[in-house]
Protein chains: 2
Amino acid sequence: MTKRAARAATLTDVARRAGASTAVVSYVMNNGPRPVAAATRERERVLAAAAELNYRPNRVARALRSRTTGVVGLVLADASNPYFGALARHIERALGARDKLTLTGNADYSADRQQDLVERFLAAQVDGLVIVSADGGADVAAEAEAAGVPAVYVHNRPASGHSPVVSADNDAAVHTAVTHLRSHGHDRVAFLAGPHDAGPVGHRRAAWESAVGRTDDTLLRCAYARAAAAALTRDLVARGAMPPALITATDEQAIGVLAGASAAGLSVPGGLAVVSLDGTPDSAHTAPALTVAEQPLRAMARRAVGVLLDGADSASAEAVPPASLIVRRSCGCGSG
Amino acid sequence: MTKRAARAATLTDVARRAGASTAVVSYVMNNGPRPVAAATRERERVLAAAAELNYRPNRVARALRSRTTGVVGLVLADASNPYFGALARHIERALGARDKLTLTGNADYSADRQQDLVERFLAAQVDGLVIVSADGGADVAAEAEAAGVPAVYVHNRPASGHSPVVSADNDAAVHTAVTHLRSHGHDRVAFLAGPHDAGPVGHRRAAWESAVGRTDDTLLRCAYARAAAAALTRDLVARGAMPPALITATDEQAIGVLAGASAAGLSVPGGLAVVSLDGTPDSAHTAPALTVAEQPLRAMARRAVGVLLDGADSASAEAVPPASLIVRRSCGCGSG
DNA sequence: CTGTTAGCGCATTCAT
DNA sequence: ATGAATGCGCTAACAG
């Protein structure tokens, strides 16, 4: 209780206390754009005054003047989904490394809410926008760019979009998964897709079709939710209709399948071999551990931030490597 | 490509186009604080001009003038941890319902990084701060309050802190878990604690001790990570030292235990009954599904936001209910 | 009911 | 090398 909550110190306060002008103090605080005599700077002057007053530059004022906030908006379909959550975490980290603050918003898979969030972020004068949506939605990046704000899509770009997009190599991932399951002697490899074939996850279903190269392998469908996949699995097991080898479009579904199999008394990988396609951290500690084609989320995040801040052809915009197969127990490998 | 990225329209632009003053336009945009003739407002005037120019109020300028940004800073230990991630999601939602934008930062369990984030958020003139740390750290809320910015701790408050804190009722949760396991006939109930007994999770270990009321029940320890718990479990099973009934301090550990048990061939709940104490969404779809004492994360988030924005005694600051037991299969209940 | 005007805190140009 | 003065876009007091 030394001091009552007083008005925060401003540049003017520091200047007065240091017996200097606001211009000089500004030059000192920003190391430029003009030189300041070392004596003025240190010797019982500017720096000292700033420290004594516990001066903290007001970024709002700075933003108004310099037309740049140092804040980037991150629009997510839903951070509760571990895939998006992990992506968000990497994006926030990459942004922080570039000295940007992250304004985060969840659209809950709603195109309207996504639109609203973008509107708010634009009003907040963000320096850029990273958009991670599940599928569909308006071309909000175009809207941002019309307002002079750069934007990047990650994971999914709406059909009508033309802005840069960073996505994983789904074809390679699916191909890898199919090949691995076949190496276990599975002639037929079923696929658990989403409810509709929209978006990049829907694309995986097409990749599976072309990878198996035949038309009689089983195509299963359910929502991208653990509970839905678990229910489907219990039902299939009860009807004796569960195929022996399965690729799931997402980790969420794979985890649901494992839960359903456990509840139905079906052993994995004994009675069912499973490979998933995201490779989020969650997949490493399921029972049994999931074999996955792991998407390089961190590389995707770094590339997205590079493209956003430096343009698509900058050196900082390193390429995204293909998914890599991580062999664990759910496919039948290992001492399971 | 209809228009090249031009300077965004300002209040002045709208005023000029509508043939009105900036004051009137401001009154219209904000519905106040003074009345405006309906004719001026609608009839081919202000609203029309704003729409034609695609006017979007600059919140930075507004913030500078009104000394309030409409942005709240959320400092997290680590959003990758599903417990914190779920909490963050609820907090963002509660903040959105109050028309606040959320600036999110992850401290990665580092006190230094947490300090740095708070500094940045304060410089960004946030209207408030929500701090979710694992344990320890400086009393950053006090620092914020010294700068005139309200702050709330969620989950954990550092020992030296005096700011409001919203936390779960750990004692009740642990007691519930112990009682349930005993009802399954388990005389002894082991506990898997964290590496040190710091923070609220450490508190759970003390609650367990008092709940079992004896000194010879097994106390296990490992890091709050799935991998650590899985490794510990494999080791214990290999040595034949795994107790038959176990309460884990966190869901992360419980999931690790399940993974370890699966890898080691130990059946749950057959050979080991497990109850966990967080109840994050993840716990519902493990194999087998986890019985948990579920923390009311959503209520905690709402209360935190209520306390932050309206003060601790406001009506909006509804109380946090105790944890509720969710019975699933890992304890031995159900048709497992 | 509406117009004019003075700052909010800072970066920067123009003088010195 | 430094100081004085201007304006970023907006809100709200102050005049009509």
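Letters go in sequence order (proteins before strands), and every chain restarts at 1. All values derive from a computational prediction rather than experimental measurement.
- Residues satisfying the ring pair (Phe, Tyr, Trp, His ring centres under 6.0 Å) test with F84(B), not counting sequence neighbours, are H155(B).
- Applying a 4.0 Å cut-off to non-hydrogen atoms, none of the residues of residues 117-128 of chain A approaches DNA chain D.
- Listed by chain and number, the residues in a side-chain contact (heavy atoms from CB on, under 4.5 Å) with S26(A) are L11(A), N30(A) (sequence neighbours excluded).
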Only distances under 3.5 Å count here; give the side-chain donor-acceptor pairs of residues 128-137 of chain B to other protein atoms, sequence neighbours excluded, each with its distance to 0.1 Å.
from, atom 1, to, atom 2, distance (Å)
S133(B), OG, N156(B), OD1, 3.2

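- In this structure L297(B) satisfies the side-chain contact (heavy atoms from CB on, under 4.5 Å) test together with Y83(B), A86(B), L87(B), H90(B), Q295(B), M300(B), sequence neighbours excluded.
- Sequence neighbours left out, the pairs with a member in residues 79-90 of chain A that pass salt bridge (charged side-chain N to carboxylate O under 4.0 Å, His left out) are R89(A)-E92(A), R89(A)-D78(B), R89(A)-D108(B).
- Proximity of residues 57-71 of chain A to DNA chain C (heavy atom under 4.0 angstrom from any strand atom) is restricted to P57(A), N58(A), A61(A), R62(A), R65(A).
- First and last contacting nucleotides of DNA chain D toward chain A (any atom under 4.0 angstrom from a heavy atom, 5' to 3' order): dA1(D) to dG9(D).
- For P296(A), the side-chain contact (heavy atoms from CB on, under 4.5 Å) partners two or more places apart in sequence, or in a different chain, are A299(A), V320(A), P321(A).
- Sequence order on DNA chain C of the closest nucleotides to P35(B) and T22(A) puts P35(B) first from the 5' end.
- Here Q115(B) pairs with E119(B), A138(B), V140(B), E143(B) under the side-chain contact (heavy atoms from CB on, under 4.5 Å) rule; sequence neighbours left out.
- Residues passing the salt bridge (charged side-chain N to carboxylate O under 4.0 Å, His left out) test with D99(B) are R120(A), sequence neighbours excluded.
- The outermost nucleotides of DNA chain C lying under 4.0 Å from heavy atoms of chain A, listed 5' to 3', are dG9(C) to dT13(C).
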